[in-house]
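Down below is the structure, laid out as structure tokens.
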Amino acid sequence: MVKDIQSSSKGKRPLIAMKFGGTSVGNAERMQNVAEILHDYAQRAELLVVVSAMGGVTDMLVNAATQASLGVEKQWKGTREELAHRHREVADKLLSASEQATILPRLAEQMKHFEDLCSGFTLVREVTPRGMDTLSSLGEVMSATLMAAILRSRGLKAEAVDATELIVTNNNFGNASPLFDETNAKTRERLASLRRAGTVPVVTGFRGATSEGVCTTLGRGGSDYSATILAAALDADEVWIWTDVDGVMTADPRLVPAARILPEVSYQEAIELSFFGAKVLHPKTIQPVMNKQIPVWIKNSFNPSCPGTKIVASPSNGQRGVKAITSVKDADLITISSRNTLTLPQLAARVFDGLALENVSTLTVTQSSADNVLSFAIHHADLPRVKTRLEKIFELEMLHDYVGVLEVMSKIAVVVLVGEHMKGTPGIAGRAFGALGREGINIIAIAQGSSELSISFAVKASDMKAAVKVIHEEFQL
Ligand code: ADP
Ligand code: ASP
Ligand code: MG
């Protein structure tokens with residue numbers, strides 16, 4: 001076990017927000033391991049715990065809701081049995097007799113809630129975004145209930161807290177944004193007595209609630225974000241995100257088995273990596289802690305003695321050149337052209353207005369001024385909304401052929417080289433593209449981030465793995 005807690009700048013026991021992802025709480029053995037980690041650190045730090053649902057549970061809940069809304073009862077009833085079994089098994093193995101007596105009825109209530117929601121969706125043949133949020137984040141309610149009880153069974157003072165009591169969000173169901181002032185006030189108030197009593201709050205990741213109390217979610221993988229939102233609210237000293245890899249790596253280890261751990265990464269690099277698909281962090285994770293300069297560690301719950309990756313404002317090892325490579329698969333490249341009636345700035349203004357209305361971020365943008373052509377890549381999931389919106393905005397122009405129809409190139413991937421110190425280092429793009437050329441990989445579009453923090457290019461999705469590997473080798477990451 002690591003003993004590397006840095007003492008708090010305020011001279012008190014440091015407050016550390018520790019988040020455990022789905023694989024870290026995936027079964028009784030994993031939860032036991034988490035309890036041991038927490039038990040160890042609770043001696044030396046004040047802890048705030050955030051948990052994800054047990055691995056695979058959120059997917060099961062989303063599928064159950066979808067099937068229920070199609071009127072298929074069999075599938076969600078099967079899910080009900082499986083959920084009950086998985087959580088019950090943990091309770092049987094890890095809870096003391098008195099905790100079992102309190103927790104089993106609570107789990108039964110949560111399963112009843114699942115059943116009521118699914119029956120409702122089946123009845124009306126619909127699942128609304130708010131209904132989906134309430135159901136899909138039920139896994140976190142169950143895992144937090146269990147984790148707090150496991151800690152208590154081991155003699156630690158702990159209490160499960162539903163994040164709907166702490167994190168106040170807007171009503172963008174499925175991908176809600178926190179309202180920080182309200183969240184900070186509520187979090188401090190709700191957790192004050194627990195903190196005074198030395199009780200460890202075990203908070204549900206992923207979910208929050210509107211100011212009217214309606215449950216929302218922060219987007220898939222959002223428990224990382226929950227941890228930093230709460231850490232910022234409480235002015236925590238550090239955030240530790242426990243996952244199933246040793247830290248942030250030079251590439252997705254599933255694509256490049258030779259990927260190496262990065263001991264330190266800057267906030268900016270972490271934001272760029274997560275925006276461009278490095279699943280190890282939810283893309284918004286860094287935002288709440290950046291101004292307060294709270295360090296974020298990525299650590300492996302399967303290998304707790306490994307120090308992991310430290311994410312800070314200015315890493316001490318200012319490594320030059322490319323630091324890591326990441327990629328987004330399932331992207332589409334959209335090309336739109338104005339036939340000399342709209343200038344390129346006018347075309348761009350209306351396109352980006354449309355994207356803003358749909359709240360869609362682009363992955364890369366390129367333009368050809370000579371032909372008045374604008375191309376941009378987006379996540380495939382956003383395509384239907386973007387297409388409908390732009391076809392509406394340019395309805396008249398398209399009718400009269402003033403603006404060309406949207407050309408959509410599907411099944412592309414965006415590959416991104418990231419490194420804060422690529423800035424001012426000549427030859428990086430040349431080396432990358434030279435290596436791709438030698439491998440016979442065709443580049444569809446190229447863009448360099450305006451802060452020189454990233455260079456991105458689009459390739460066919462089928463070339464993505466080879467492209468990531470060849471660049472990783474070229475820069476000897
Ligand atoms: P958790 O359930 O703990 O939140 P995730 O599955 O969301 O874990 O994120 C961890 C996974 O992110 C790793 O197992 C790894 O496959 C993937 N990953 C993608 N890119 C990277 C990267 N650059 N560094 C580390 N892990 C990465
Ligand atoms: N359980 C949620 C998900 O699978 C949130 C998370 O794990 O971060 O998306
Ligand atoms: Mg995750």
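Remember, it's 1-based here, ligands and their atoms both numbered in the order they're listed.
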>> Please identify which of these residues, I412, V415, V414, meets the side chain to side chain contact (heavy atoms under 4.5 Å, CB included) condition with V459.
In response: V415

> Any side-chain donor paired with an acceptor under 3.5 Å for T169 and T216?
Replying inline: yes

> Below 4.0 Å from any atom of ligand 1, is there a heavy atom belonging to S52?
Replying inline: no

> Which protein non-hydrogen atom lies closest to atom 17 (C) of ligand 1, naming both residue and atom, and how far is it?
Replying inline: R254 NH2, 3.6 Å

>> Please list, in number order, the atoms of ligand 1 under 4.0 Å from a heavy atom of V248.
In response: 24 (N)

>> Checking side-chain polar atoms at under 3.5 Å, does S454 have a donor or acceptor matched by the opposite partner on E272?
In response: yes

> Side chain, backbone, both or neither: which part of K279 has a heavy atom under 4.0 Å from ligand 1?
Replying inline: both

>> Just to confirm my output: which protein heavy-atom neighbour is closest to atom 24 (N) of ligand 1, and how far is it?
In response: M249 N, 2.9 Å

> Just which atoms of ligand 1 are under 4.0 Å from any heavy atom in G22?
Replying inline: 2 (O)

>> With no hydrogens and no angle check, just 3.5 Å: does a side-chain donor-acceptor pair link S266 and E420?
In response: yes

> Within less than 4.0 angstrom of ligand 1, does G55 place any heavy atom?
Replying inline: no

> Looking only at protein heavy atoms, which one is nearest to atom 1 (P) of ligand 1, and how far off is it?
Replying inline: T243 OG1, 3.6 Å

> Is K299 reaching over with its side chain to a backbone N or O of P307, donor-acceptor style, under 3.5 angstrom?
Replying inline: yes

> What class does the angle between the rings of W240 and Y41 fall in, given that below 30° is parallel, 30 to 60° is tilted and above 60° is perpendicular?
Replying inline: perpendicular

>> For a quick check under 3.5 Å, do N442 and D463 share a side-chain donor-acceptor pair by atom type?
In response: no

> Which bit of H282 is near ligand 1, meaning a heavy atom under 4.0 Å away: side chain, backbone, both or neither?
Replying inline: neither

Tell me which donor-acceptor pairs under 3.5 Å the side chains of residues 465-477 have, and how far apart each pair is, sequence neighbours excluded?
unit_1 : atom_1 : unit_2 : atom_2 : d
H472   : NE2    : T250   : OG1    : 2.7
E474   : OE1    : R438   : NH2    : 3.0
E474   : OE2    : R431   : NE     : 3.1

>> Show the atoms of ligand 1 that are less than 4.0 angstrom away from any heavy atom in K19.
In response: 4 (O)

>> Between K19 and D224 (salt bridge meaning N to carboxylate O under 4.0 Å), is one present in this structure?
In response: yes

>> Taking 4.0 angstrom as the limit and counting only heavy atoms of A251, give me the atoms of ligand 1 inside it, by number and element.
In response: 22 (C), 23 (N)

> Considering only heavy atoms, does V245 approach ligand 1 within less than 4.0 Å through its side chain, its backbone, both, or neither?
Replying inline: side chain

> Which residue holds the protein heavy atom closest to atom 21 (C) of ligand 1, what is that atom called, and what is the gap in Å?
Replying inline: D252 CA, 3.8 Å

> Of the protein's non-hydrogen atoms, which lies at the shortest distance from atom 25 (C) of ligand 1, and what is that distance?
Replying inline: G247 O, 3.3 Å

> So, does T309 use its side chain to make a donor-acceptor pair with the main chain of L262 at under 3.5 Å?
Replying inline: yes

> Just going by heavy-atom distances, which of I325, V280, T58 is nearest to atom 12 (O) of ligand 1?
Replying inline: V280

Per-pair distances, ligand 2 N/O vs protein N/O, less than 3.5 Å:
unit_1   : atom_1 : unit_2 : atom_2 : d
ligand 2 : 1 (N)  : T58    : OG1    : 2.7
ligand 2 : 1 (N)  : E140   : OE2    : 2.6
ligand 2 : 4 (O)  : T58    : OG1    : 3.3
ligand 2 : 4 (O)  : R220   : NH2    : 3.0
ligand 2 : 7 (O)  : S52    : OG     : 3.1
ligand 2 : 8 (O)  : G221   : O      : 3.3
ligand 2 : 8 (O)  : G222   : N      : 3.4
ligand 2 : 8 (O)  : S223   : N      : 3.0
ligand 2 : 8 (O)  : S223   : OG     : 3.1
ligand 2 : 9 (O)  : R220   : NE     : 2.6
ligand 2 : 9 (O)  : R220   : NH2    : 3.4
ligand 2 : 9 (O)  : G221   : N      : 2.8

> Under 4.0 Å from ligand 1, counting heavy atoms only, is it the side chain of P253, its backbone, both or neither?
Replying inline: side chain

>> Set out, in order, the CA-CA distance, both residues' side-chain angles and the distance that settles side-chain contact (heavy atoms from CB on, under 4.5 Å) for L194 and V161, then state yes or no.
In response: CA-CA 10 Å; L194 292 183; V161 179; 3.8 Å; yes

>> I'd like to know if R385 pairs up with E358 as an ion pair, taking the criterion as any Lys NZ or Arg NE/NH1/NH2 lying under 4.0 Å from an Asp or Glu carboxylate oxygen.
In response: yes

> When you check the gap from the basic side-chain N to the acidic O, do D235 and K292 get nearer than 4.0 Å?
Replying inline: yes

> Looking only at atom types and distance, does a side-chain atom of N170 sit under 3.5 Å from a main-chain N or O of A176, one as donor and one as acceptor?
Replying inline: no

>> Using a 4.0 Å cutoff against the non-hydrogen atoms of A278, which atoms of ligand 1 qualify?
In response: 20 (N)

>> Quick test of your reading of the structure: of D224, V25, D244, whose heavy atom lies closest to atom 11 (C) of ligand 1?
In response: D244

>> Could you tell me if E182 and S211 have a donor-acceptor pair between their side chains, going purely by distance under 3.5 Å?
In response: no

